[in-house]
Amino acid sequence: YQMDPNKKAKEKETEKPKEEFQMPPTKVKKLNEEIKKHPQDDLEEDEGENDESYKLGEEDQDSPHPSDGELDAEDELGGPNDIDMAAYLRFREKEIAAEKGAHKKKPGKRILPEEDIKDEEEEKKVEEKAIYFSFKPTEKGKEENCYLSAYFSSPFKVKGITYNTVQHYYQAQKYIGESGKEIYNKIVAAEDPFQAKSISKENEKNFGDENYWKEWREERKLDVMRRAIKEKFEQHSDLKKKILATSSSPLIEDSSCNNYWNGTPIDSKNMLGKLLMEYRDCLLYTSPSPRDATLSRMPSSA
């Protein structure tokens, strides 16, 4: 069987030519507007759909281009009809990204929120007003402020017993009672506060149990130091005048030996400085006798 050549020619003549894809001018204009409106992420999500919808096949790629002398409405709008729309979208996406980048501020100094700026300013003010002290002169602490230290020689009496420094009193109170009497007497008689502290540390492991030292840390140690500070300044009027003269200045112990009592390290608590300020504020804002106002909170000494 052979096909009639005339029939084949007739079918070829009647065959409809494939229509070349032409996007309406209004849709192109709308597309351009949408591209400008939508963020870059939306374009990336739509890109896959455009690849499927407008990808040119082999036959489309061979289709003739419009003549050089003819411009349709689509060309006037700036959106060509005969290119891959996915490629066109990617090109527009880059243009939009470039436009956005042109308006970005150049990197510079970090802009802090108003609250952070205020906090930093307050910290600077505190730093400028602060009075640093230690048992000896330091980079920040002047010699004239050494009187605030727990190691400063300033003998005072409590129940007839003389303590040469605040450190003597503080360390001795760890060993009150009959079981600690010998250690207590050694600490009181120590030549200097460093020796008093050393004697105390040497005997801590062999004195008391875990509960005893837990009670000392959590309930007694602050009140013992508070009592020592009050007795020291109450029995030395010259030192009392000095601490009153500090007014509202922050008092900070300039040392890194102990993060609990000292105040120089970042994570330190400055508890000695806080107790000194507490005593000073008590003198400034209570009357007639700040000593009597808080003495009831103090533990009894041995």
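Values below: every heavy atom of this structure, side chains too, minus hydrogens, waters and symmetry copies.
Annotation: side chain of Ser149 is not in contact with side chain of Lys136 (no heavy-atom distance under 4.5 Å). At least one side-chain heavy atom of Phe152 sits less than 4.5 Å from a side-chain heavy atom of Lys232. Looking only at side-chain heavy atoms (C-beta outward), Pro137 and Cys146 come within less than 4.5 Å of each other. You'll find the side chain of Glu178 stays beyond 4.5 Å of the side chain of Tyr184, heavy atoms only. Counting heavy atoms from C-beta on, the side chains of Leu284 and Leu244 come closer than 4.5 Å. In this structure the side chain of Ile131 never reaches within 4.5 angstrom of the side chain of Pro250, judged on heavy atoms. Considering only heavy atoms from C-beta on, Pro193 stays 4.5 Å or farther from Asn164 through its side chain. Side-chain contact between Thr162 and Pro155 is present, with at least one heavy-atom pair separated by less than 4.5 Å.
Between the side chain of Thr264 and the backbone N or O of Ser255 there is at least one donor-acceptor pair closer than 3.5 Å. For the pair Asn145 (side chain) and Gly141 (backbone), a donor-acceptor distance under 3.5 Å is absent. For the pair His168 (side chain) and Ala190 (backbone), a donor-acceptor distance under 3.5 Å is present. At least one donor-acceptor pair closer than 3.5 Å links the side chain of Arg280 to the backbone N or O of Ser247. Checked by atom type and distance alone, the side chain of Glu234 never pairs as donor or acceptor with a backbone atom of Lys230 at under 3.5 Å.
Cation-pi geometry between Lys157 and Tyr163 is not satisfied (NZ or CZ under 6.0 Å from the ring centre, within 45° of the ring normal). Cation-pi geometry between Lys221 and Tyr260 is satisfied (NZ or CZ under 6.0 Å from the ring centre, within 45° of the ring normal).
Under a hydrophobic-cluster definition in which Ile, Leu, Val, Met, Phe, Trp and Tyr are linked whenever side-chain heavy atoms come within less than 4.5 Å, directly or via other members, Tyr175 and Val188 are assigned to the same cluster. Clustering ILVMFWY residues whenever any of their side-chain heavy atoms sit less than 4.5 angstrom apart, transitively, puts Ile199 in a cluster other than the one holding Phe194. Neither Phe135 nor Leu275 shares a network with the other; the hydrophobic side chains, linked directly or stepwise wherever heavy atoms of I, L, V, M, F, W or Y lie under 4.5 Å apart, form separate groups for each. With hydrophobic clusters built from ILVMFWY side chains whose heavy atoms lie under 4.5 angstrom apart, Leu251 does not share a cluster with Tyr151.
Annotation: the span from Ile252 atom CD1 to Ser134 atom OG amounts to 13.0 Å, rounded to 0.5 Å. Taking NZ of Lys242 as the start and NE2 of His236 as the end, the distance is 12.0 Å to the nearest 0.5 Å. Between the CD atom of Glu182 and the CD1 atom of Ile187 there is a distance of 11.0 Å, given to the nearest 0.5 Å. Atom-to-atom distance recorded for Met271:CE and Glu278:CD is 8.5 Å, nearest 0.5 angstrom. The distance from the CG atom of Leu283 to the CD1 atom of Ile243 is 7.0 Å, given to the nearest 0.5 Å. Here Glu139 contributes atom CD and Tyr132 contributes atom OH; the two are 10.5 Å apart, rounded to the nearest 0.5 Å.
Summarising the geometry of Phe207 relative to Ile183, their closest heavy-atom pair is CD1-CD1, 4.5 Å, with the distance given to 0.1 Å. For Lys129 against Ser248, the heavy-atom pair with the smallest separation is NZ-OG, 3.4 Å. Shown here for Trp261 and Glu253, the closest heavy-atom pair between the two residues is O-OE1, 3.6 Å.
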- Under the side chain to side chain contact (heavy atoms under 4.5 Å, CB included) criterion, do Ser154 and Thr165 qualify, and how do the steps go? CA-CA 5 Å; Ser154 49; Thr165 67; 5.5 Å; no
- Message: Cys257 vs Asn262, test: side chain to side chain contact (heavy atoms under 4.5 Å, CB included). Steps then yes/no.
- Response: CA-CA 7 Å; Cys257 298; Asn262 303 336; 3.9 Å; yes
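Of the options Glu202, Glu204, Glu215, a salt bridge (charged side-chain N to carboxylate O under 4.0 Å, His left out) to Lys174 is made by Glu204 and by none of the others. Partner of Asp223 under the side chain to side chain contact (heavy atoms under 4.5 Å, CB included) criterion, chosen from Arg220, Arg226, Glu219: Arg226.
Using a 30° and 60° split on the angle between ring planes, Phe156 and Tyr169 fall in the tilted class, from 30° to 60°.
Defined by atom type and a distance below 3.5 Å, a donor-acceptor pair is missing between the side-chain atoms of Asn259 and Ser268. Of the N and O atoms on the side chains of Thr138 and Asp254, at least one donor lies less than 3.5 Å from an acceptor on the other residue.
Taking a cutoff of 4.0 Å between a charged side-chain nitrogen and a carboxylate oxygen, Arg227 and Glu231 qualify as a salt bridge.
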